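When a ligand or atom number is given, it counts from 1 through the structure's own listing order. Counting begins at 1 with the first residue of the sequence. Since the model is a prediction, treat every value here as computed from it, not as a measurement.
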Amino acid sequence: MTGNGKIPLNSLKAYAAAESRTKGRTYPEPTHPYRGEFQRDRDRVIHSTAFRRLVYKTQVFVNHEGDHYRTRLTHSLEVAQIGRTVALSLGLNEQLVEAICLAHDLGHTPFGHAGQSALNRCMKPFGGFEHNLQSLRVVDELEEKYAQFPGLNLTYETREGILKHCSKRNARQLGELGERFLQRRHPGLEAQLANIVDEIAYNNHDVDDGLRAGLLTEEELSAVDLFREKYEQVRDRNKNIGRRVLIHETVRAMIDEVVTDLVNNTRDALEENMPADIEAVRSSPQLLVSLSDSTYARHRALKNFLHDSLYRHERVQAMSNKAHDVVSGLFECYMSDIHAMPKQHAGRAAQWESETGDMGRARAVADYVAGMTDRYAYSAYRRLVDPDFKIEKG
Ligand code: MG
């Protein structure tokens, strides 16, 4: 780092996203005297309201189940940590990676994937709901903090990274940012990296959380090669190790294997393809940030195991069903009476309805519901729909 906090250009590889070649911000702004553009993006994300709400949003386990489970916030921090490590080792733009990773889940609904699927179902007649697209809406439109522009006015490269997936229908409405989904092009390397480290982070921390919750056991997880091998190695090397440390050392070793493979395999791909710049990365026929086939298979086996054994566990499912009721119930309630929402949201719903009818009304309701934390949604549901509703176990 130089004294002014900017990454010296010579530490960035040619294929990295460089500030000097950024596609810029939607609303042009003067440069900052001592902060770089991607650094400013990261700083704006951290100062956003949506970022603070992540602490009360479910990753897999709802907040009240315990204080040690990941939340969307701690998940995002773990994603950013792994992302920065890989970025530094490959000469990619660490600050851009960090900005993308910290922002990647800003559009998530309360109650994790159950909330997202409930809201998507409610929004089916009105254009659907995608959490990735919602993250982009948060940074482009919904945050109200700056006098000169709506949203956070982030650089193109950060926005490109946030928009991990997108349907073709939505891509058509996004201009240049949506083009890659129509032309089957790739985003820059920093965006590719943020995408894959998201998966590495949750695969591993969900093992830790699943064991902590007693929804998984070490015996069950031993069906997964990656887990069993690390677990046995750690146990055999440390005869009197306690269970919590054994689990932590196992997860640590799993992350290390996968991340090391990611660094090595990506370095090989970059050396082989030698993309001259970020545009060459975008038009490359293949994703350049990736795991080797063999490690991908090990990582994938763990992912599949978690899918079948943890995310479909009856206790997680029971919570998901309740989450579904809360999100759907609130959506219906606000759709039938927009004035049940705070003034600002009701005003937006009325305005958008006057422009695009029910589509506009529904979008304003979805924005409001998606922005809620778990506990806010829960108390709103009890107040407006069912005063006797309990989300707690049993
Ligand atoms: Mg994530």
Side-chain angles (χ1 to χ4, degrees), residues 41-42 45-46 48 50-63 68-87 96-120 129-139 142 152 154 158-166 187-188 190-210 251 254-255 258-259 262 287 289-291 296 299-300 302-304 306-307 310-311 316 319-320 323 327 370-374:
D41 281 2
R42 178 204 56 201
V45 169
I46 289 176
S48 70
F51 187 70
R52 288 195 295 281
R53 289 195 192 119
L54 296 180
V55 72
Y56 295 113
K57 290 198 179 201
T58 291
Q59 180 67 23
V60 173
F61 297 90
V62 278
N63 237 237
H68 295 144
Y69 298 114
R70 271 69 176 183
T71 65
R72 284 267 163 220
L73 182 69
T74 62
H75 160 70
S76 300
L77 295 174
E78 290 184 32
V79 174
Q81 180 272 313
I82 299 174
R84 290 172 60 198
T85 301
V86 178
L96 174 58
V97 169
E98 188 178 17
I100 297 169
C101 292
L102 293 179
H104 85 283
D105 272 350
L106 288 179
H108 254 289
T109 62
F111 308 117
H113 284 279
Q116 131 92 22
S117 79
L119 195 53
N120 187 30
F129 177 88
E130 296 176 17
H131 66 84
N132 268 289
L133 196 60
Q134 191 68 11
S135 295
L136 190 68
R137 271 177 78 69
V138 168
V139 301
L142 300 178
L152 306 179
L154 303 182
T158 302
R159 296 169 62 237
E160 171 186 62
I162 291 172
L163 194 63
K164 186 157 66 169
H165 312 292
C166 182
E190 288 79 1
Q192 293 183 27
L193 174 57
N195 189 4
I196 192 162
V197 294
D198 179 22
E199 214 175 277
I200 294 171
Y202 69 66
N203 239 1
N204 286 286
H205 66 49
D206 287 352
V207 167
D208 187 54
D209 279 355
V251 172
M254 291 197 300
I255 296 175
V258 176
V259 171
L262 179 65
L287 280 170
V289 181
S290 67
L291 296 169
Y296 180 74
H299 164 82
R300 186 77 207 178
L302 175 58
K303 186 174 168 154
N304 290 342
L306 289 170
H307 186 261
L310 181 62
Y311 311 139
V316 174
M319 199 56 73
S320 296
V327 170
M372 292 179 175
T373 60
D374 293 6

Q: May I ask you to decide whether Asp105 forms a salt bridge with Lys57, counting only side-chain N to carboxylate O separations under 4.0 Å?
A: no
(Q) Between His108 and the Mg ion (ligand 1), is there a contact where an N/O/S atom of the residue lies under 2.8 Å from the metal? (A) no
Q.
Taking the side chain as everything from C-beta on, heavy atoms only, tell me whether Met372 gets closer than 4.5 Å to Val327.
A. no
Q: Give, rounded to 10 degrees, the angle between OD1 (Asp198) and OD2 (Asp105) as seen from the Mg ion (ligand 1).
A: 160°
**Q.** Step-by-step side chain to side chain contact (heavy atoms under 4.5 Å, CB included) determination, His104 to Ser76
**A.** CA-CA 8 Å; His104 85 283; Ser76 300; 4.0 Å; yes
Q: For the Mg ion (ligand 1), find the closest N/O/S atom belonging to His104 and write down its atom name.
A: NE2
(Q) Can a side-chain donor-acceptor contact be found between Glu78 and Thr74 if the only test is distance below 3.5 angstrom? (A) no
